[in-house]
Amino acid sequence: MLAYLAKRITASLFILLGVSVVTFGLTYMIPADPVAMIAGRNSTPAVREQIRTQLGLDRPLPEQYVRYLGRLVQGDLGRSYARKSDVGPLIASRLPPTLLLMLAAIVAELLIGIPAGIYAASRRGRNADKVAMTLSFVSVSTPQFVLGLTLLYLFAYVLSWFPLGGYGSFSHLVLPALTLGLAGGGWYSRMMRSSMIEVLRNDYIRTARAKGMSEWRVITRHGLRNAILPIIAMIGLDVGIFTSGVVVVENVFGWPGIGQLMWQAIQSLDIPIIMGVTIVAACFIILGNLVADLISPLIDPRISLR
Amino acid sequence: MTEFWTRFRRDRLAVAGLFVIAAFLLSAVAAPLIAPYDPSEQFFEGLTLEGSPLPPNATFWFGTDTNGRDQFSRLLYGAQTSLMIGIVANGLAVLIGTTLGLVAGYMRGYLGAAIMRLTDLMMAFPPLLLAIAMAAILKPGLNIVILVIALVNWVQIARVVYTETVSLSQREYIEAARALGAGTGRILARHLLPHLVPTIIVYATLGIATTVLLESMLSFLGRGVQPPTPAWGMMIFESQSYFLNAPWLVFIPGAAILILALAFNLVGDGLRDALDPTQRGRA
């Protein structure tokens, strides 16, 4: 187990290193000259040269990268152009609302996906199964901003069941979490269905049925426990999938998290924030994958450690 | 082939999806003929006296947008943008992914490992954020959007092609071909690629759905194709502040994105079942 852990963590660190190379490369490719942005239009060449030296832009590329990496390791993500503050603390202060939203979205997608998948599997091949699977396709084909705006219009504006966006209470959380979680619910229902169908093929299920157990009990007592294991391991991957969605969802619902910060940075082309959020999101994804890899063998001893 | 078609035809949703795609393609190609107005023309009578957009009516079938432009004409030209990016960007992604997956799967060794580590690295980035970061740095525009989406979307197909190539490469007929003196290029193109065609077709179709959604998100974020080119995501972005008073400005282009993405997903799923019956019923 320890050797496996060490191997997985080393691999993750290498991927993180790769991420830093990519973000450095992208930052370096920016056509806008950071020196001109800091010095202003009317600066003298001497002042520009001084700033260039201060920023280390006169150094060779590999050295610049090593310095960049050194700053990243210390948690220094650079300075925002538009907000005149450090990107690291800015992202950290926006993290709690986003994590809350992601957690609620995970709850929402599991509450939608798992029952739907079990139901479809138990009705395999019949109309209910076909309807459920078609709906799951609809949910993964819906752009999240359209879904968010539609829910907002129906449940907040027309019916006034929920507030028109904002942050602070449980009722603020429902619609954004649903928007973020619905597509995931569609995926989970498909995975749950196929996992359940797979499990229901086993001999011990046939035995349970043969001894006269009701189909409901067969599914809940024998099927669910085994079928849900691969599903649980997938939760770690959701965080990564959600990082794209929060940009759109937080903007639609005025949720003051990282997504909204990113949205505003995109509108004002605030590159340090865009890169900072991308790096933080990549860390989340790598961590999520690591957790998924570590959980799978723990909950299912049949999965061997490699 | 006929057997495949018989199986595909049995999946009514996939056939419906095919019809939807055909209808969208037709309206995109024939947009200049069908569209009642120029998509960029701002009509004085397209706004109310207070300057609000018009709801759907006899003159403007799908209403007008916040600039008094005809929503129906913009929708038709928007289909050109969506389909063009969906097909070209995804085609590029399939080309890159297939080539890299094939080479990595057959050559293995350092080159194969390097390619697969590159896919690991790409998977660490959220596709939308990476696309935004690239689009933010490069000047936004049609070609850049296509390039950015292709560079983000090749990963999945590369991994699928890699896995299949690895298992195909161990078959005896490949060894026989090599013993007969066939070069690497010939084995890849003549002996491996043909067997991968069904997989590639399925993932290419599903990939168009992903691409259509990604493009709509990019243009909703203002980082997709730039005005005056109409794009469905941008139409929603532009009318967001007017949304509660003029919900059709969001619902109509939103429905267009949903229907097109759904059609490609249904066709892709139908193709998967028809091309590989052993996978039937799996997710």
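Chain letters run A, B, ... following the sequence lines, proteins first and then strands; every chain starts at 1.
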Report yes if some heavy atom in the side chain of [X] is under 4.5 Å from a heavy atom in the side chain of [Y]; otherwise report no.
X	Y	result
B:Leu130	A:Leu26	yes
B:Phe125	A:Thr243	no
A:Asn251	B:Gln240	yes

Check each atom of [X] against the heavy atoms of chain B and say whether the ones under 4.5 Å are side chain, backbone, both or neither.
X	answer
A:Ile266	both
A:Met133	neither
A:Ile279	neither
A:Val277	both

Distance in Å, [X] [atom1] paired with [Y] [atom2], rounded so as to fall on 0.5 Å steps:
X	Y	atom1	atom2	result
A:Ile258	B:Leu129	CD1	CG	10.0 Å
A:Thr134	B:Leu13	OG1	CG	4.5 Å
B:Ile257	A:Ser141	CD1	OG	12.0 Å
A:Thr278	B:Met134	OG1	CE	10.0 Å
B:Arg117	A:Ile15	CZ	CD1	7.5 Å

Interface moiety of [X] toward chain A, non-hydrogen atoms closer than 4.5 Å:
X	answer
B:Pro253	neither
B:Leu262	both
B:Ala209	neither
B:Phe264	neither
B:Met122	neither

Item to complete: Carefully, step by step, assess B:Leu258 and A:Val146 under the rule side-chain contact (heavy atoms from CB on, under 4.5 Å).
Response: CA-CA 9 Å; B:Leu258 165 61; A:Val146 175; over 6 Å; no
Worksheet, complete the sentence: For B:Ala124 and A:Ile285 the tightest heavy-atom approach is O-CD1, 3.3 Å
Worksheet, complete the sentence: Heavy-atom closest pair (A:Ser244 atom, B:Pro126 atom, distance to 0.1 Å) is OG-CB, 3.5 Å
Discussion item. Centroid separation under 6.0 Å, is that true for the rings of B:Phe251 and A:Tyr153?
Written reply: yes
Practice prompt. Could you have a look at A:Ser12, A:Gly18, A:Gly245 and say which one has the most heavy-atom pairs with chain B under 4.5 angstrom?
Written response: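 Most heavy-atom pairs under 4.5 Å with chain B: A:Gly18.
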Worksheet entry | chain B interface, residue from A:Phe242, A:Phe145, A:Tyr157 that has the most non-hydrogen pairs under 4.5 Å | A:Phe145
Practice prompt. Could you go through the side-chain contact (heavy atoms from CB on, under 4.5 Å) check for A:Arg190 and B:Asp269 one step at a time?
Written response: CA-CA 12 Å; A:Arg190 297 189 86 80; B:Asp269 191 55; 4.0 Å; yes
Worksheet, complete the sentence: Filtered by a 4.5 Å non-hydrogen cutoff, the part of residues 213-221 of chain B contacting chain A is B:Leu213, B:Ser216, B:Met217, B:Phe220, B:Leu221
Practice prompt. Taking heavy atoms only and a threshold strictly under 4.5 Å, list by residue number the residues of residues 144-155 of chain B that touch chain A; give 'none' if the list is empty.
Written response: none
Worksheet item: What pairs with A:Ser20 under side chain to side chain donor-acceptor pair (under 3.5 Å), at least two apart in sequence or on another chain?
Response: A:Tyr65
Discussion item. Run the side chain to side chain donor-acceptor pair (under 3.5 Å) test against A:Thr150 and tell me which residues pass, sequence neighbours left out.
Written reply: none
Discussion item. Show, in sequence, the C-alpha distance, side-chain angles and deciding distance for B:Phe243 and A:Val252, and conclude whether the side-chain contact (heavy atoms from CB on, under 4.5 Å) test is met.
Written reply: CA-CA 11 Å; B:Phe243 166 54; A:Val252 167; over 6 Å; no
Practice prompt. Could you tell me which of B:Ile236, B:Asp120, B:Thr210 has the largest number of non-hydrogen atom pairs under 4.5 Å with chain A?
Written response: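 Top option by heavy-atom pairs under 4.5 Å: B:Ile236.
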Worksheet item: More than 12 foreign heavy atoms under 6.0 Å from CD of B:Gln156: is that the case here?
Response: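 Counting neighbours around CD of B:Gln156, 12 or fewer heavy atoms of other residues, nucleotides or ligands fall under 6.0 Å, so no.
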